[in-house]
S.K.: 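Pasting in a structure now, in structure tokens, and then I'll have a few things to ask.
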Amino acid sequence: MCEKVKKKEYYITTAIAYASGKPHIGNTYEIVMADAIARYKRMTGYDVFFQTGTDEHGQKIEEKAQEAKMDPQAYVDQQTAVIKEIWDLMNTSYDKFVRTTDDYHKKQVQKIFEKLYKKGDIYKSEYEGWYCTPCESFWTDAQIVDGKCPDCEREVHKAKEESYFFKMSKYADQLMEHIENNPEFIQPESRKNEMINNFLKPGLQDLCVSRTSFKWGVPVTFDDKHVVYVWIDALSNYITGLGFDCDGNHGELYKKYWPADLHLIGKDIVRFHTIYWPILLLALDISLPKQVFGHPWMLFGEEKISKSRGNVIYADDLVKFFGVDAIRYFVLNEMPFAQDGSITWQLVIERINSDLANIYGNLVNRTVSMVNKYFDGKLTEEREYKPIDEDLMDFALETVKKVDHKMDSLRVADALDAIFELLRRCNKYIDETLPWSLAKDENKKDRLNTVLYNLLEGIRIATVLVEPFMPETARKIYNQINTKQVSYNSILSWGNYEVNNKVTDKPVPLFARIDAEAKLEEIQKYLEAKEPEKMKFKDEITIDDFAKIDIRIGTILNCKKHPKADKLLVLKVKCGSDERQIVSGIAEKYSPEQLIGKKVAFIANLAPIILRGQQSRGMILTAEDESGMLETITVNEVEDGAVVK
RNA sequence: CGCGAGGUAGAGCAGUUCGGUAGCUCGUCGGGCUCAUAACCCGGAGGUCGGAGGUUCAAAUCCCCCCCUCGCAACCA
């Protein structure tokens, strides 16, 4: 690093977490990665601002709060506390935690909305479609039959459900140009191609930016039926959190840190951050963030982590068993740049044992032990260098450069790998120099002193590099080897470890080796002991409510795949003298042949609908359990037409 | 023909930009060492680089076709 007059700013954000449940390890990975980058940038001399937060509005939260019989604000207060607790548990060093329910944020969102409305970029329109008054339903051009409602066959008229829309297309060319001129803007590159081919090239639809169907959101100031829908609300946290002011009286932080250097987000929301968000900024005449990185996902083994699959792993459980730094190390190391990573309890143990315990912890332990054993914990100034030492020194200094290069391109896992190569090199150096045999010869005392110094220095350099990834571990090692030389500058050259410092006389192993079998058993017991979630049922209904549903038995006469949708099957169902077509989303579980001739339960009086061009009159009843196993409800003896009650 | 990613040793991955002895980690087998946490270091075995064809003196790498897996989009009345 060259000498700097003024520190360069670096603004990094994570996506804000949706405050509707406890984040699992996959969600937690993002903030840990952001934290590692933020800490690294701080160490290398940047003036860093690191922001995270929660998205607290929307229908789902409104519903969940209702389910819990809580006021939505009280509900999100509680959820946000849970999220914050995990972020803090992971030792993440964010500077600001924004909540979309913050007064300042809400006020700015309203102003932004107003400004765009006045500018003409947001306009009120109605959901284009046909409305059937008796059915209270909207139909598209393709759905209506001969200008009539496909449901009741009565007249329909032009739709009137109002909504505010954002003119996306107006800025599409400008955005496209920006993407092309800034190849680093969307990372990794595969995501960029996806955006261009799937969304920009086919042409952007105007985006619906308000809702009337729920209340828990930022109200539109000039039209109180509407609340601002997620995009404008959530995305603008990146500027409101810094004190952006729509009228131009920006806070100091905003003036200093915007535009963001990096939005770190999951690959599932790349579209919102690389299309909607930049366009929103263009419309507001604000400069665009420099880079958006859509990171891959953490999978459980080979599957997506999800509650319904029952394979959720939470950060706090992992930390309970392995400690914060081990988990930080695991997620950062195991997640490749552009491909999904994988986590299992077994894998975590393997990584900890082979990398943290064997290579790193043991290296520190054996080195400190030797310094104690041969020099009473304190090295001297006498030196005797050999050519073999050069190699270690070069390697260490090269590693510093390599890590910097990798971090610059956000290759966090590769950076960690490089550090561990240095640690391996140190272990090898011990075998090359054989300190214990030097110790047997009084004449080789100086040589031995030099060898151990080199080892401590190698460890010190590696540990300074490790600090952004495992802050606690680094601190412990600084204590063990008793050094104050922990700045980044101190590792740009060899030999800054303080000679006369006494290392600890009781080196405690940094990472204990784990007995995999015993540990897995312990974990298994713990997970089983965790209370299973209480069964939740929907609100009580009366027998009259139930009587409205006409459930019948029907014989499947014929069944084929839906020509234009791979998850759907099109069935011909006979129910007494009635014969009808029903579309069902069970193509992933049943092949058409399996169903023909079966007698299944279905809802006979459900309003008809067109699904991808095929009419469906009714719904086949199925049962699905948590693992995703799905079966139709089938009878054998009863004739079709039979009533189910 | 929707878009995209991937298929390399038992497992997980790098190498493909710009063709030239196929590499890393874990596991496994053998050896070395005794400072250390049964840790560390060295070596061996194990791969027709998804398949067929083409270009070339030479293909994991370039071109064409095909197969398989995953993600996104559409879709679950």
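Chain letters run A, B, ... following the sequence lines, proteins first and then strands; every chain starts at 1. Source: prediction; values computed, not measured.
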S.K.: With a 4.5 Å cut-off on side-chain heavy atoms, are A:Thr504 and A:Asn482 touching?
M.R.: no
S.K.: Figure out the CZ/C1' separation between A:Arg366 and B:C40, and round it to whole Å.
M.R.: 4 Å
S.K.: Report which part of the nucleic acid A:Pro435 touches: base, sugar-phosphate, or nothing (heavy-atom distance under 4.0 Å, all strands).
M.R.: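 No contact.
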S.K.: Return the value, rounded to whole Å, for the distance between atom CG of A:Asn353 and atom P of B:C40.
M.R.: 10 Å
S.K.: By nearest atom, which of the nucleotides B:U37, B:C41, B:C35 is closest to the A:Asn362 side chain?
M.R.: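 For the A:Asn362 side chain, the nearest candidate turns out to be B:U37.
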S.K.: Within 45 degrees of the ring normal and closer than 6.0 Å to the centroid, is that where the cationic atom of A:Lys402 sits relative to A:Phe395?
M.R.: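 No, a cation-pi geometry is absent between A:Lys402 and A:Phe395.
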S.K.: Which part of the nucleic acid, if any, lies within reach of A:Val364 when heavy atoms closer than 4.0 Å are counted: base, sugar-phosphate only, or nothing?
M.R.: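 Nothing, no heavy atom under 4.0 Å.
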S.K.: Using atom NZ of A:Lys428 as one end and atom C1' of B:A36 as the other, report the distance to the nearest whole Å.
M.R.: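 So the NZ-C1' distance, A:Lys428 to B:A36, works out to 19 Å.
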S.K.: For B:C40, does either OP1 or OP2 sit under 4.0 Å from a side-chain N or O belonging to A:Asn358?
M.R.: yes
S.K.: So which one's nearest nucleotide on RNA chain B is more toward 5', A:Leu434 or A:Asn365?
M.R.: A:Leu434
S.K.: For RNA chain B, what is the dot-bracket line, given that a base pair needs Watson-Crick (N1 to N3, plus N6-O4 or O6-N4) or G-U wobble (N1-O2 and O6-N3) geometry with both distances under 3.5 Å, and | means paired with another strand?
M.R.: .(((((((.[[[[.)....(..]]]].(((((.......))))).....[[.[[..)....]].]])))))).....
S.K.: Under 4.0 Å, heavy atoms only, any strand: does A:Ser584 hit a base, just the sugar-phosphate, or nothing?
M.R.: sugar-phosphate
S.K.: Side chain of A:Leu568 only, heavy atoms from C-beta on: which candidate in B:C33, B:C41, B:C76 is closest?
M.R.: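 So the nucleotide nearest the side chain must be B:C76.
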S.K.: Expressed in whole Å, how much space separates the P atoms belonging to B:C63 and B:G50?
M.R.: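 Each nucleotide's P atom is 15 Å from the other's.
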S.K.: For the residue pair A:Tyr429 and A:Asp389, confirm or rule out a side-chain donor-acceptor distance under 3.5 Å.
M.R.: yes
S.K.: To the nearest angstrom, how far is A:Arg513 atom CZ from B:A38 atom P?
M.R.: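 The answer, rounded to whole Å, is 7 Å.
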S.K.: Within the 4.0 Å heavy-atom criterion, would you say A:Lys567 contacts the bases, only the backbone, or no part of the nucleic acid?
M.R.: base
S.K.: Rounded to whole Å, please give me the gap between CG in A:Asp417 and C1' in B:G15.
M.R.: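 For the pair A:Asp417 CG and B:G15 C1', the rounded distance is 15 Å.
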S.K.: A:Arg351 near the nucleic acid: base, sugar-phosphate alone, or nothing, with a heavy-atom cut-off under 4.0 Å?
M.R.: sugar-phosphate
S.K.: For B:U25 versus B:C62, give the span between their P atoms, rounded off to a whole number of Å.
M.R.: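 B:U25 and B:C62 have their P atoms separated by 26 Å.
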S.K.: Using heavy-atom distances to pick each residue's nearest nucleotide on RNA chain B, tell me which of A:Arg271 and A:Met370 is more 5'.
M.R.: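 Result: A:Met370.
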S.K.: We want to know whether A:Gln346 and A:Thr344 form a side-chain donor-acceptor pair, criterion being a heavy-atom distance below 3.5 angstrom.
M.R.: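 There is no such pair between these side chains.
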S.K.: Please walk me through it: do A:Arg475 and A:Glu472 pass salt bridge (Lys or Arg N to Asp or Glu O under 4.0 Å)?
M.R.: CA-CA 5 Å; A:Arg475 215 180 36 79; A:Glu472 283 302 305; 3.0 Å; yes
S.K.: Would you please indicate yes or no on a ring centroid separation below 6.0 angstrom for A:Tyr329 and A:Phe511?
M.R.: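 No: the rings miss the under 6.0 Å criterion.
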S.K.: Taking the C1' atom of each, how far is B:C65 from B:C70, in whole Å?
M.R.: 22 Å
S.K.: One thing to verify: whether A:Arg425 and A:Glu432 come together as a salt bridge, which I'm taking to mean a side-chain N less than 4.0 angstrom from a carboxylate O.
M.R.: yes
S.K.: For A:Leu510 and B:U37, give me the distance from atom CG to atom C1', rounded to whole Å.
M.R.: 10 Å
S.K.: Are the side chain of A:Arg447 and the backbone N or O of A:Thr433 linked by a donor-acceptor pair below 3.5 Å?
M.R.: no
S.K.: Assess whether a salt bridge exists between A:Arg460 and A:Glu457, defined as any Lys/Arg side-chain N lying under 4.0 Å from an Asp/Glu carboxylate O.
M.R.: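 Salt bridge: yes.
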S.K.: If I pick the C1' atom on B:A14 and the same atom on B:U61, what distance separates them, to the nearest angstrom?
M.R.: 14 Å
S.K.: Pick the C1' atom in B:G30 and in B:A22, then give their distance to the nearest Å.
M.R.: 24 Å
S.K.: How far does the C1' atom of B:U21 sit from the matching atom of B:A59, given to the nearest Å?
M.R.: 14 Å
S.K.: What's the gap between B:G47 and B:A11 when it is taken at their P atoms, as a whole Å value?
M.R.: 12 Å
S.K.: Provide, to the nearest angstrom, the distance between the OH atom belonging to A:Tyr360 and the P atom belonging to B:A36.
M.R.: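 So the OH-P distance, A:Tyr360 to B:A36, works out to 20 Å.
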S.K.: On a whole-Å scale, what distance lies between the P atoms belonging to B:C64 and B:C29?
M.R.: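 Taking atom P in both B:C64 and B:C29, they lie 46 Å apart.
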S.K.: Rounded to the Å, how far apart are A:Phe511 CZ and B:A39 C1'?
M.R.: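 Rounded to whole Å, this separation is 15 Å.
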